[in-house]
There are 2 protein chains.
Amino acid sequence: MTRLRFAPIPATLPATVPFTGPEALERQRGTPFVARLGANENGFGPSPHAVEAMMRAAPEIWKYADPDSHDLRHALAAHHGVAPDNIMIGEGIDGLLGLLVRLTLAPGETVVTSDGAYPTFNYHVAGFGGLLHKVPYRDDAEDPEALVAAARENFARLVYLANPDNPMGSWHPAPRITAMLDQMPQGSLLVLDEAYAEFAPDEAIPQIDPQDDRVIRFRTFSKAYGMAGARVGYAIGPSELIAGFDRIRNHFGMNRMAQIGALAALQDHEWLTETRRQVAASRDRIADIARANGMTALPSATNFVAVDCGADGAFARRLLAELAVLGIFARMPAVAPMDRCIRISCGPARDLDAFAEALPTALQRAQDASRDA
Amino acid sequence: MTRLRFAPIPATLPATVPFTGPEALERQRGTPFVARLGANENGFGPSPHAVEAMMRAAPEIWKYADPDSHDLRHALAAHHGVAPDNIMIGEGIDGLLGLLVRLTLAPGETVVTSDGAYPTFNYHVAGFGGLLHKVPYRDDAEDPEALVAAARENFARLVYLANPDNPMGSWHPAPRITAMLDQMPQGSLLVLDEAYAEFAPDEAIPQIDPQDDRVIRFRTFSKAYGMAGARVGYAIGPSELIAGFDRIRNHFGMNRMAQIGALAALQDHEWLTETRRQVAASRDRIADIARANGMTALPSATNFVAVDCGADGAFARRLLAELAVLGIFARMPAVAPMDRCIRISCGPARDLDAFAEALPTALQRAQDASRDA
C-alpha cells in the first residue's frame with residue numbers, strides 16, 4: 001500500500017466533512033424536503049438580472065473564465081471604495097479561507113476561533129496542519145476581547161471572527177471590532193468573515209482602511225445575493241496580502257456564468273433592498289412561529305434565526321430529526337449552550353408555512369421521545 | 001511587516017501564473033480577439049441540452065450544489081464501467097491536480113514530468129514544496145520509458161504523463177501506457193492526464209482496473225464537451241485514494257449549474273460524435289492552412305494542432321505576436337525544440353478563416369522582423 005500513502009498532514013486527517021448536504025439527507029429519506037431552511041441559503045433567490053445574465057452566458061460556457069475576474073473585481077472595488085488590488089475573488093468564502101490558511105499558516109502554528117463558530121474554517125486549519133485554540137461564546141455571541149487575549153497567549157497567527165455571527169445571528173457594533181483590531185498582537189491577522197454583512201445594521205460594519213495589515217475581510221454572493229450555488233466570494237485586504245493569493249490559487253477556477261451573474265447581481269440595488277426587506281419580514285415570521293410554540297427566537301442580523309428550544313442539545317437534536325421526518329431541513333449549533341437552539345434560515349412564505357405546520361407535531365414527538373429517554 | 005508574513009512554502013513562490021488569460025491580452029490590445037484559438041477551448045460549444053439544462057438551473061442558483069455530486073458521479077461511474085467511489089469530481093482537472101499533489105506529496109519529495117508538459121501541474125507541485133525533475137520530450141512526444149527511469153532514479157512520488165499530450169498533440173498507444181505502469185517503481189503513482197481522451201483514437205486509451213493503485217486518471221468536461229468555463233473535471237482511481245480527497249477538498253466548491261450541465265452533456269452522445277467529426281475536419285483545415293503557408297502541421301489526437309514554423313522559438317514567438325496584432329489568439333510550446341511550433345486550437349470555420357487570412361501577413365512580418373533582428 002505504499003503507493004497510496006498520503007502526505008504527512010492529510011495522513012492524519014479524518015475523512016469527515018464540515019457539513020452533510022441536504023441532498024444526501026434526501027437520498028437517505030428517499031424523498032425531497034418540503035422546505036430547505038438549513039443551510040442559510042437565500043430562498044428569495046438571485047436578482048432576475050443575474051439569472052438573465054447567466055442564461056445569456058450559458059452558450060459561451062466553452063470559454064474559460066477570465067482568470068483575473070477583471071470586470072467583477074473592478075466593480076467590487078468601486079462598490080467598496082477600495083482599489084482593485086485590494087480585492088481577491090474566489091470560489092466562495094470557503095475556497096478563499098482555505099487559500100488564506102495555506103498562504104499564511106505554517107504547520108504547527110496556532111489559530112484562534114470561537115468554540116462553535118464556522119466549522120469549514122476549522123476544517124481548513126486542520127487541513128494545513130494548524131492548531132486550533134477555541135474560545136467560548138459569551139451570551140450567544142463571539143467574544144472579541146477573549147479572542148484577542150487568546151491570540152496573545154497563544155501567539156496565534158490567525159484569529160477568526162464572524163460578524164454577524166453564524167450560527168447564532170448575533171452581531172457586534174463596529175467600534176467593538178475596531179477596538180479589537182487595535183488590541184491585536186503583532187503577527188496576528190484578523191480573519192473577519194462578513195458573509196452576512198448585507199443583512200446587518202449599518203452600525204455593525206466597521207470602516208477599515210483596506211491597506212490595514214491587521215485584517216482581511218470576506219464577503220460573498222451566496223447569502224444576500226442569493227447565489228450560493230454559483231460559488232463567488234471575495235476577500236478585501238491589503239494589496240500585498242491579496243497579491244499572495246496569486247502564488248497558490250487555481251487561476252482558472254472560476255465558473256464563467258458565475259462571474260457574469262455576480263456582476264449583474266451587484267448592480268441590481270433594488271433587488272438587494274427588496275431581499276433585505278423580505279428577510280427582515282421572514283425573521284419576524286420565524287419569531288412569531290417560535291413564540292406560538294412556546295419557544296424564543298434570538299435577535300438576528302442575518303438571514304437565519306436561532307430559536308431557543310428551552311431545553312438541552314439532546315432535545316434540540318431530537319426536534320431537528322423530527323422536523324426532518326416531516327420534510328423540514330434545518331440545522332443547529334454544535335456546541336453547548338448554543339445547542340439548545342435550532343437554526344432556521346429565512347425563506348419564502350410557502351417554506352415558513354411548511355415549518356409552521358410541522359413544528360407543533362415535531363415538538364410533540366420530540367417531547368414524547370425525551371420523556372421516554 | 002510581520003502580519004503579512006507568508007507561510008514558509010508560499011513565501012518562496014513567485015507571483016507568476018501558469019497562463020495569461022486572453023481577456024488580459026484583449027485589455028492590453030484595447031480590442032477583442034477576432035479568433036480565440038489559443039487555450040484549446042472547444043469553439044463548437046457544449047451540447048444544446050447542456051445549455052438548456054444550465055439555463056433551467058439558473059433561477060435555482062440560490063441552492064448550494066450537492067457536495068457529493070451524486071448524480072453526475074453515478075452517471076460517470078456507469079459511463080466508465082467503474083464504481084462511484086472510483087470517481088472524484090472537482091473544479092476542473094486543474095483543481096483536482098492541486099488536491100492530488102497536496103494529498104500525496106510531502107514537501108521536498110520529487111515529482112517527474114516532461115520538460116514542456118502542462119505548466120499548471122508544475123505550478124501545483126511547486127506550490128506544495130515538491131521538487132520537479134523534468135525529462136526531455138522525444139520526437140515531439142512525452143517519453144514513457146524515460147519518465148519511468150527518472151522515477152526510479154529520483155524516488156519520485158508522482159509521475160505526470162498526458163496522453164494525448166498537450167502542447168504537441170501526440171499520443172501513445174495503450175500498450176505503451178500499460179507497459180509503463182508495469183515498470184513504475186513501488187511508491188510512485190502515475191498521474192495520467194487524459195483531458196483530450198475523447199478526441200484520441202480508441203487505441204490510445206488503455207483499459208485500466210480502476211482499483212489499480214499505480215495510477216490515477218483525469219478527465220474533463222472542458223475539452224470534448226465544450227464546457228471549459230463550467231469547471232468540471234474528474235479523477236478515476238482506486239477508492240482508497242479517491243476517498244482521500246474528502247479529507248482536504250472544498251466540499252461545497254462545485255457550481256450547481258455546472259454539475260447539472262455536465263450531466264446533460266454526458267448524456268448527449270450525438271453531440272459528442274458530431275463534435276469529434278467537426279474537430280477532425282478542423283484539424284485537417286489547420287493542416288491545409290499551414291501547408292499553404294509553407295509550414296507543417298504535426299499529427300494530433302486532440303482538438304489542437306502544433307504547427308511547425310520551420311525555424312526556432314524566437315521566430316515562433318514573433319509569429320504569435322504578429323498573429324495577436326491581427327486578432328488571432330494562439331499559444332505555443334514553451335520549451336525547445338517544440339517551441340519551433342505554434343499551437344492552434346480547432347474551432348468553427350469563421351475562426352479558422354480569420355486565421356487563414358491573418359497568417360500570410362503575420363508570417364511576412366515575422367520574417368521581416370527576423371531579418372532585421
Side-chain angles (χ1 to χ4, degrees), chain A residues 2-4 6-8 10 13 15 17-18 21 23-24 39 41-43 45-46 51 54-55 58-59 61-68 70 91 94-95 98 103-106 127 186-187 189 213-214 226-231 238 240-241 243-244 246-248 250-253 255-258, chain B residues 2-4 6-8 10 13 15 17-18 21 23-24 39 41-43 45-46 51 54-55 58-59 61-68 70 91 94-95 98 103-106 127 186-187 189 213-214 226-231 238 240-241 243-244 246-248 250-253 255-258:
Chain A
T2 51
R3 285 177 213 273
L4 294 189
F6 294 129
L13 297 173
V17 305
E23 291 82 3
E41 294 162 331
N42 174 356
V51 171
M54 290 188 290
M55 291 173 82
I61 201 71
W62 62 272
K63 298 177 184 175
Y64 287 103
D66 173 13
D68 302 318
H70 176 277
E91 300 96 324
D94 284 1
L103 186 60
T104 59
L105 194 73
Q186 271 295 110
L189 181 71
D213 71 355
R214 301 170 301 181
M227 294 178 60
R231 311 286 58 223
E240 197 175 348
L241 179 59
D246 275 340
R247 302 179 182 205
I248 59 167
N250 183 11
H251 288 266
F252 286 84
N255 179 290
R256 189 180 175 91
M257 290 179 293
Chain B
T2 52
R3 286 175 212 272
L4 294 189
F6 294 130
L13 298 174
V17 306
E23 292 82 3
E41 295 162 330
N42 175 355
V51 172
M54 290 189 289
M55 290 173 83
I61 200 70
W62 61 271
K63 299 177 183 175
Y64 286 103
D66 173 13
D68 302 317
H70 176 276
E91 299 95 324
D94 284 0
L103 186 60
T104 58
L105 194 74
Q186 272 294 112
L189 181 71
D213 70 355
R214 301 171 300 182
M227 293 177 61
R231 308 289 57 222
E240 196 176 348
L241 178 59
D246 275 340
R247 302 179 183 206
I248 58 168
N250 183 11
H251 287 266
F252 287 85
N255 179 290
R256 189 181 176 90
M257 290 179 291

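All chains are named by letter (A, B, ...) in the order of the sequence lines, taking the proteins before the strands, and each is independently numbered beginning at 1.
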Do you know which of [options] has the most heavy-atom pairs under 4.5 Å to chain A?
{"options": "B:R256, B:M227, B:E91, B:K63", "result": "B:K63"}
{"options": "B:I248, B:N42, B:I61, B:N250", "result": "B:I61"}
{"options": "B:P67, B:P46, B:G95, B:A7", "result": "B:A7"}
{"options": "B:L241, B:D68, B:D246, B:L103", "result": "B:L103"}

Decide yes or no on side chain to side chain contact (heavy atoms under 4.5 Å, CB included) for A:M257 and B:M257, but give the supporting numbers first. CA-CA 9 Å; A:M257 290 179 293; B:M257 290 179 291; 4.0 Å; yes

Side chain, backbone, both or neither: which part of B:A243 has an atom under 4.5 Å from a heavy atom of chain A?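 Contact with chain A is absent: no heavy atom of B:A243 under 4.5 Å.
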
At a 4.5 Å cut-off on heavy atoms, which part of B:D66 comes close to chain A: side chain, backbone, both, or neither?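 Its backbone and side chain both get close to chain A.
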
Engaged part of [X] at the chain B interface, taking heavy atoms whose separation is under 4.5 Å:
{"X": "A:L105", "result": "backbone"}
{"X": "A:A39", "result": "both"}
{"X": "A:M54", "result": "side chain"}

Is a side-chain N or O of B:R247 found less than 3.5 angstrom from the main chain of A:P10, in a donor-acceptor match?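 At least one qualifying donor-acceptor pair exists.
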
Counting N and O atoms only, with roles assigned by atom type, does the side chain of B:D213 sit under 3.5 Å from a partner on the main chain of A:L4, one being a donor and the other an acceptor?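 Such a contact is absent between B:D213 side chain and A:L4 backbone.
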
What are the two closest non-hydrogen atoms of [X] and [Y], and how far apart are they?
{"X": "B:Y64", "Y": "A:R231", "answer": "CE2-NH2, 3.3 Å"}
{"X": "A:A58", "Y": "B:M55", "answer": "CB-CG, 3.8 Å"}
{"X": "A:A228", "Y": "A:E41", "answer": "CB-CG, 4.5 Å"}

So which of A:P8, A:A24, A:A258, A:P59 has the biggest tally of heavy-atom pairs under 4.5 Å with chain B?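 Looking at each option in turn, the highest pair count goes to A:P59.
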
Go through A:G98, A:G253, A:A65 and name the one with the most non-hydrogen pairs under 4.5 angstrom from chain B.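 With the most close heavy-atom pairs to chain B, the winner is A:G253.
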
